[in-house]
Peer 1: 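Got a structure for you, questions after.
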Amino acid sequence: MTRRYFGTDGVRGRVGKAPITPDFVLRLGQAAGRVLRRKSADGHAAVLIGKDTRVSGYMLEAALQAGFSSAGVDVVLCGPIPTPAVAYLTRALRLDAGVVISASHNPYDDNGIKFFSGEGTKFPDAVELEIEDELDRGYECVPSAELGKAQRLDDAAGRYIEFCKSTIDFSTDLKGLRILVDCANGAAYHIAPDVFHELGAEVVAVGNQPNGLNINDGVGATHTENLSQLVAEHHCDVAVSLDGDADRLIMADANGHVYNGDELLYVIVCDRMSTGRVDGVVGTLMTNYALERRFHEMNVGFIRAKVGDRYVLEQLKEHAWLFGGETSGHLLALDRQTTGDGIVSALQVLSAMRRTGKSLAELTADLELLPQVLVNKRIPAGYDWQNDREFSRTVEACRTEVEGRGRVLIRPSGTEPLLRIMVEADDKQLAQDLAQLMADSLSVEVS
């Protein structure tokens, strides 16, 4: 079945336009509440609600709370808190579900709703489809005696800070390190700096002054263009950059080199291999081919999932593996956390640095990412590019050309009439030539 409201990471859109409106969010909470009560052994359910720092969070939180209450579901309110904190607290408090009001790395005028199960993992597609079916039933309020109650969890931030610290060995501290922490003016603004400070680091916090409108605005893991300069200006040893809901991580070193999710995943996996066994790793269609090749050399299995951390998690569970992630910085270490967690991932990398006495540059020295070239080719809406014979022949020839030294990825844009043609190769000029050759071979012209 095709989902009508849920995307790869919950329901998301522009605030004030369907589906991110108060009336829809109320009905969404009510529909989700009915599903949760139906699945509960005793017919009772309780959920935890967290949000990021967008000004629209106030409005949507109230609507969501009303929806759950009207379905007879109790609510625990946390206020601004990272997405992975909701996953952790939902599990720790033995609740039926956790809900995050956030649009992650999007600008402030977007927002969204995403759900976690009682185990601290994203809702599977089947449950999201059940919620969509319930939405079709319309508004149904339980009798007054059955309405859900709400309470606030005042120590949510403190509980999560202690959890983050517990994910590295007790003997490991960060004393002597000066760390730049970019909170993206998002949900971790009052949490991330404290985590690193309490572990002994000297912390320089930026992006920690949210005003409801500045989340991800030129700061955070999706805006690392200034990260190198900030590290130098503040004379820091390393930088930790999170996105608006703190489930992504990008890092930089004192030399200004920025490390993406592929490189950080490599550091974490190599560190785990030094003390145990790693059977396999899950990346995505966008993961750099160099990482796949390096894991092959290390006799570590590697497979690719669709883009989206939920799909990485599905593959990890299917193969009973622990480690995976995306180039964008969603990193999964299931021996530490049930979902992508920017702060926890940073601690794993920093712990590897402390244990080995090596810098990020040294830990990634034997992983040389391949150049990537992306060409966007405009095509008519609905154009069947897969049955374009000349294009298909050219793509096959290009794949043969880079076999063993790179790869070709063709995928349509989900938001624009574009075909994205990406080539990775150990020779950047070759990658550019092949990408352009494929783009030019499409038997279509758009004015």
Peer 1: Is there a donor-acceptor contact under 3.5 Å from the side chain of Glu326 to the main chain of Gly283?
Peer 2: no

Peer 1: How far does CZ of Arg293 sit from CG of Leu291, to the nearest 0.5 angstrom?
Peer 2: 11.0 Å

Peer 1: Return yes if some donor-acceptor pair links the side-chain N/O of Ser166 with the main-chain N/O of Phe163 below 3.5 Å, else return no.
Peer 2: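 Checking the backbone N and O of Phe163 against the side chain of Ser166, a donor-acceptor pair under 3.5 Å is found.
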
Peer 1: So, using ring-ring contact (aromatic ring centres under 6.0 Å, His included) as the criterion, who are the partners of Tyr5 when residues are at least two apart?
Peer 2: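 For Tyr5 the ring-ring contact (aromatic ring centres under 6.0 Å, His included) partners, ignoring immediate neighbours, are Phe24.
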
Peer 1: Take atom CD in Glu162; do more than 12 heavy atoms of anything else shown fall under 6.0 Å from it?
Peer 2: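 Result for CD/Glu162: enclosed.
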
Peer 1: Is it the case that the side chain of Arg248 and the backbone of Ser241 share a donor-acceptor pair, with hydrogens and angles ignored and the cut-off at 3.5 Å?
Peer 2: no

Peer 1: Between Asn106 and Asp110, is there a donor-acceptor pair closer than 3.5 Å when you use the side chain of the first and the backbone of the second?
Peer 2: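 Between the backbone of Asp110 and the side chain of Asn106 there is no qualifying donor-acceptor contact (under 3.5 Å).
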
Peer 1: For residues Thr284 and Tyr311, determine if any side-chain heavy atom of one lies less than 4.5 Å from a side-chain heavy atom of the other.
Peer 2: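 Counting from C-beta outward, Thr284 and Tyr311 never come under 4.5 Å.
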
Peer 1: Could you check whether any side-chain N or O of Glu134 sits under 3.5 Å from a backbone N or O of Val35, counting only pairs where one atom can act as donor and the other as acceptor?
Peer 2: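 Side chain of Glu134 to backbone of Val35: no pair is present.
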
Peer 1: Would you list the pairs meeting salt bridge (charged side-chain N to carboxylate O under 4.0 Å, His left out) in which at least one residue belongs to residues 200-220, sequence neighbours left out?
Peer 2: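 As it turns out, the salt bridge (charged side-chain N to carboxylate O under 4.0 Å, His left out) pairs with a partner in residues 200-220, which skip direct neighbours, are Arg178-Glu202.
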
Peer 1: In plain terms, say whether Lys39 and Asp96 are close enough for a salt bridge, that is, a side-chain N and a carboxylate O under 4.0 Å apart.
Peer 2: no

Peer 1: State whether the side chain of Thr394 and the backbone N or O of Glu390 hold a donor-acceptor pair below 3.5 Å, judged by distance alone.
Peer 2: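 Indeed, once roles are kept as given, a pair shorter than 3.5 Å links the two residues.
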
Peer 1: Let me confirm one number: the CG-CG distance from Leu360 to Leu350, rounded to the nearest 0.5 Å.
Peer 2: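 So the gap between those two atoms works out to 7.5 Å.
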
Peer 1: Judged by modelled atom types alone, do Gln386 and Ser392 share a side-chain donor-acceptor pair under 3.5 Å?
Peer 2: no

Peer 1: To the nearest 0.5 Å, how far apart are NE2 in His330 and CG in Asp341?
Peer 2: 10.5 Å

Peer 1: Under 4.0 Å between a side-chain nitrogen and a carboxylate oxygen: does that hold for Lys165 and Glu198?
Peer 2: yes

Peer 1: Counting only N and O atoms by type, is there a donor-acceptor contact under 3.5 Å from the side chain of Arg54 to the main-chain atoms of Pro107?
Peer 2: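 Yes, Arg54 side chain to Pro107 backbone: donor-acceptor pair under 3.5 Å.
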
Peer 1: Salt-bridge test for Asp173 and Arg354: reply yes if a basic N is under 4.0 Å from a carboxylate O, no otherwise.
Peer 2: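 Salt bridge: yes.
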
Peer 1: Using the rule side-chain contact (heavy atoms from CB on, under 4.5 Å), only one of Asp366, Leu369, Asp262 pairs with Arg294; which is it?
Peer 2: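 It is Asp366; the other options fail the test.
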
Peer 1: Using the rule given for side-chain hydrogen bond (donor to acceptor under 3.5 Å, both in side chains), can you reason through Tyr108 versus Asn214, listing the C-alpha separation, both sets of side-chain angles and the distance that settles it, and then say yes or no?
Peer 2: CA-CA 7 Å; Tyr108 82 93; Asn214 61 358; over 6 Å; no

Peer 1: Give a yes or no on whether a salt bridge exists between Arg393 and Glu396, defined as a side-chain N under 4.0 angstrom from a carboxylate O.
Peer 2: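 No salt bridge links Arg393 with Glu396.
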
Peer 1: Go through it in stages, so that I can follow the logic: the residues are Thr121 and Thr339, the test is side chain to side chain contact (heavy atoms under 4.5 Å, CB included), and I'd like the CA-CA distance, side-chain angles, deciding distance and then a yes or no.
Peer 2: CA-CA 6 Å; Thr121 59; Thr339 190; over 6 Å; no

Peer 1: Got more than 12 heavy atoms from elsewhere within 6.0 Å of NE2, His296?
Peer 2: no

Peer 1: Taking Asp388 for its side chain and Ser443 for its backbone only, find out whether a donor-acceptor pair lies under 3.5 Å.
Peer 2: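 Yes: the side chain of Asp388 pairs with the backbone of Ser443.
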
Peer 1: Is there a donor-acceptor contact under 3.5 Å from the side chain of Asp52 to the main chain of Gly186?
Peer 2: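 Not at all, since once roles are kept as given, no pair shorter than 3.5 Å links the two residues.
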
Peer 1: Can you label the angle between the Tyr266 ring and the Phe295 ring as parallel, tilted or perpendicular, going by 30° and 60°?
Peer 2: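 Answer is tilted, since the angle falls between 30° and 60°.
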
Peer 1: Is there a donor-acceptor pair under 3.5 Å between the side chain of Asp243 and the backbone N or O of Asp247?
Peer 2: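 Yes; judged by distance alone, with no hydrogens or angles, the pair exists.
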
Peer 1: Within the supplied structure, the quantity of interest is the number of heavy atoms (other residues, nucleotides, ligands) at a distance under 6.0 Å from His257 NE2; does it exceed 12?
Peer 2: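 It does: His257 NE2 has more than 12 such atoms within range.
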
Peer 1: Checking side-chain hydrogen bond (donor to acceptor under 3.5 Å, both in side chains) for the pair Glu292/Thr287: CA distance, chi angles, key distance, verdict?
Peer 2: CA-CA 8 Å; Glu292 176 180 358; Thr287 299; over 6 Å; no

Peer 1: Under the side chain to side chain contact (heavy atoms under 4.5 Å, CB included) criterion, do Phe391 and Met438 qualify, and how do the steps go?
Peer 2: CA-CA 6 Å; Phe391 179 66; Met438 285 183 283; 4.1 Å; yes

Peer 1: Hey, could you give me each pair passing salt bridge (charged side-chain N to carboxylate O under 4.0 Å, His left out) that has a residue in residues 264-273? Not counting sequence neighbours.
Peer 2: Asp271-Arg355, Arg272-Asp335

Peer 1: Test side-chain hydrogen bond (donor to acceptor under 3.5 Å, both in side chains) on Thr327 and Asn260; report intermediate values, then the result.
Peer 2: CA-CA 6 Å; Thr327 308; Asn260 68 20; 5.5 Å; no

Peer 1: As a quick check of understanding, evaluate side chain to side chain contact (heavy atoms under 4.5 Å, CB included) for His105 and His223, giving each step before the final call.
Peer 2: CA-CA 10 Å; His105 58 280; His223 294 282; over 6 Å; no

Peer 1: List the steps, then state whether side-chain hydrogen bond (donor to acceptor under 3.5 Å, both in side chains) holds for Gln229 with Glu233.
Peer 2: CA-CA 6 Å; Gln229 180 181 342; Glu233 284 180 1; 2.7 Å; yes

